[in-house]
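A short write-up of the structure that comes next.
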There are 2 protein chains.
Amino acid sequence: MIERPTLFIHRARAERNIAAMAGKAAASGVRFRPHFKTHQSLEVGRWFRAAGVEAITVSSPDMAVEFAADGWEDILIAVPLNPGAEAEYRDLSERVSLGLLVDHPDHVDFLQRTGLRVNAWIKIDAGYGRVGVAWDDRDTLRALALGLSALPHARFAGLLAHSGQTYQCRGRAEIEAIWSQCADHMWAANEASGRLQTDISVGDTPSCSVLDRFDGCTEVRPGNFVYYDLQQLRIGSCGLDQIAAAVACPIVSVQPRRNELVVHGGAVHFSRDVVAAPDLGTIFGRALSDAGDGWSAFADGVALVRLSQEHGVLTGPPGWIAGRRIGDVLRIVPAHSCLAASALRPHFAIV
Amino acid sequence: MIERPTLFIHRARAERNIAAMAGKAAASGVRFRPHFKTHQSLEVGRWFRAAGVEAITVSSPDMAVEFAADGWEDILIAVPLNPGAEAEYRDLSERVSLGLLVDHPDHVDFLQRTGLRVNAWIKIDAGYGRVGVAWDDRDTLRALALGLSALPHARFAGLLAHSGQTYQCRGRAEIEAIWSQCADHMWAANEASGRLQTDISVGDTPSCSVLDRFDGCTEVRPGNFVYYDLQQLRIGSCGLDQIAAAVACPIVSVQPRRNELVVHGGAVHFSRDVVAAPDLGTIFGRALSDAGDGWSAFADGVALVRLSQEHGVLTGPPGWIAGRRIGDVLRIVPAHSCLAASALRPHFAIV
């Protein structure tokens, strides 16, 4: 029995995921700069360090501060820089090798004005359409590259992109096509920016999971792969035997008339990210079966189908529902492990 | 400029929302036991205390512990009890008047076995279909009521329901119909349970906002009303001049080619709750205009339309987009303030 919703981490699987990705990066001759926003855990970070990782990616200054305090010395904050965080950037830049993203002349002006000693990357929109300079916007690329190269304190570090559109892919062929296009766009952007440097950072979890080699870049930054989840399973990035995170939730109510169980575990724990699951519809998570080591199969037909703030409702076959009791703990693989892990940072157990 | 996504609370509006609801409850002669899961703030809790509130609702033992430490002495945890939290319940029950929910004989057995001195409420499903004993399940109601009444330590406190289906309503007539049906069902359940007591606790934000009087119950537990949000505006529970929470987010990227702005502020700050907004589609939030006191109008046509973990993408009219600069702060009213407030608990500013 457990007191509250708790993120269970399967350490052996997470370490295998880390070792596999680190091995592929090494074999490809590229730097491995994993994204730590997925786990946000100092302890899990140390598993990466034990695998030889020295450079990391985070998504906020707060995360950078936490990992810097745990001894990480090369940290990239992979969101375009926010001028309001100048004080945090300055403090960090005096303690670690700090990377920041730029996609606008105002960002360059900020670095000029503040004199921050950072590694400035130009964020490229290589096709995802969220942030970054369009890969074919030659004038802006050239202007930013020249502007960064002229800064007396900051260093122009390279070009960086995130191909988030791979999260819409199904299977290897679609993902390889996006990788290949991204690489072409990045090298075109590098030409346009004047080839003032050649560090090229890319690499989302689907791409880095299905590709055997990371050709066409110098650095990869996957994050989600440390735990994987139902979305990655659906994409084809992983097998069930690689999923290393589940939210353990106590059953608080049984509703056999509706074939439903209710757990303590809701939107504040899982987030509202969903996945389309064959035969189950659009769901928030799937319960693991207790059989074997408890991580080897899903409970057949059991899905987390509704969430309110603290409640989660599961449906399943009547026989399975009838076998559950109040106080039993269900371990539910979330649709998206990054958001669940972020929400459950204070309540985390390694198993 | 701000360092990070921050929840801005309009204190005067929140206090007016509290005073109005407390006044209606007093005029109706019912106990006001507001749900504190919305704000989860000790400071906001003190505004309720200043308005005469003595009894509160929370949704987890952790929240109960926090508010007990701030002097609250009558706390109901409005999720069916979790046997795994026995230690926390025991500790709380020795310090405050603790309410727990029961909807199954196993819950009664737990109270019998543990001898906890608590107020035990029977959770009724009066039509929402989440947790609780069906209001017309006379046998179960009778058995639970007799079981609770026979406990030597726990006290049978009453019947309690949540009509969450009002969140699907539009306008007063639909909400009044649900309130009225809920009251009928609660009194039928009270008959079925043997009229061993008559405390009847109901009251969601839509109902308590649109009704003038709380007839048919003895206690109301709205929570969302302290801040309101876009969902409540859409339902018809509030006006824009009652909305008291907005997430302040720094602009980190401008994308005029797509008519988009990108802020630091994503799914980990807003959650993924959405609202259907006329002319804007299904959105995560709306930006406030800077005009006047900054809380009186939405920026016309500006909506938060996509979220990733830390990024939020807004669209808007080209002229408005063109007037924004990197580092500007947008104050965005979230679709659902409860989830945003929960996510942003550490970063909260009263304005």
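Just so we're clear, the structure is a prediction, and the values are computed from it rather than from any experiment. Here is the naming used below: chain letters follow the sequence lines, and residue numbers restart at 1 for every chain. Values below: every heavy atom of this structure, side chains too, minus hydrogens, waters and symmetry copies.
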Contact leader toward chain A among B/Val263, B/Val268, B/Val79, B/Asp273, where contacts are heavy-atom pairs under 4.5 Å: B/Asp273

Contact winner vs chain A - B/His104, B/His336, B/His107, heavy-atom pairs under 4.5 Å: B/His107

Before you tell me yes or no, could you show the steps for A/Arg345 and A/Phe348 under side chain to side chain contact (heavy atoms under 4.5 Å, CB included), namely the whole-Å CA-CA distance, both residues' side-chain angles and the distance that decides it to 0.1 Å? CA-CA 6 Å; A/Arg345 285 190 66 196; A/Phe348 170 90; over 6 Å; no

[X] side chain near [Y] side chain, heavy-atom distance below 4.5 Å:
X	Y	result
B/Trp121	B/Leu148	no
B/Tyr167	B/Thr205	yes
B/His269	B/Arg4	no
A/Arg130	A/Asp125	no
A/His35	A/Asn224	no

Looking only at heavy atoms, which of residues 304-313 of chain A get nearer than 4.5 Å to chain B? A/Arg306, A/Ser308, A/Gln309, A/Glu310, A/His311, A/Val313

For chain B, which residues from residues 252-262 of chain A lie under 4.5 Å away (heavy-atom distances)? A/Val252, A/Ser253, A/Val254, A/Gln255, A/Arg257, A/Arg258, A/Glu260, A/Val262

Do the ring planes of A/Phe110 and A/Tyr89 sit parallel (below 30°), tilted (30 to 60°) or perpendicular (above 60°)? perpendicular

Proximal component of [X], with respect to chain A [non-hydrogen, under 4.5 Å]:
X	result
B/Ser271	neither
B/Asp103	side chain
B/Ala78	backbone
B/His347	side chain

If you apply the rule side chain to side chain contact (heavy atoms under 4.5 Å, CB included), what do you find for A/Val275 with A/Ile283, and how did you get there? CA-CA 6 Å; A/Val275 66; A/Ile283 62 172; 3.8 Å; yes

Do side-chain atoms of B/Ser93 reach the backbone of B/Arg90 as a donor and acceptor pair under 3.5 angstrom? yes

Which atoms of A/Asp106 approach chain B - backbone, side chain, both or neither, heavy atom under 4.5 Å: side chain

Is it the backbone or the side chain of A/Leu81 that comes under 4.5 Å from a heavy atom of chain B, or both, or neither? backbone

Best-contacting candidate, A/Glu86, A/Glu88, A/Lys123, against chain B by heavy atom pairs under 4.5 angstrom: A/Glu88

Given A/Pro61, A/Ala87, A/Gly266, A/Gly129, the one with more heavy-atom pairs under 4.5 angstrom with chain B than any other is A/Gly129

Does either side chain, that of A/Asp204 or that of A/Tyr128, offer a donor lying less than 3.5 Å from an acceptor on the other one? no

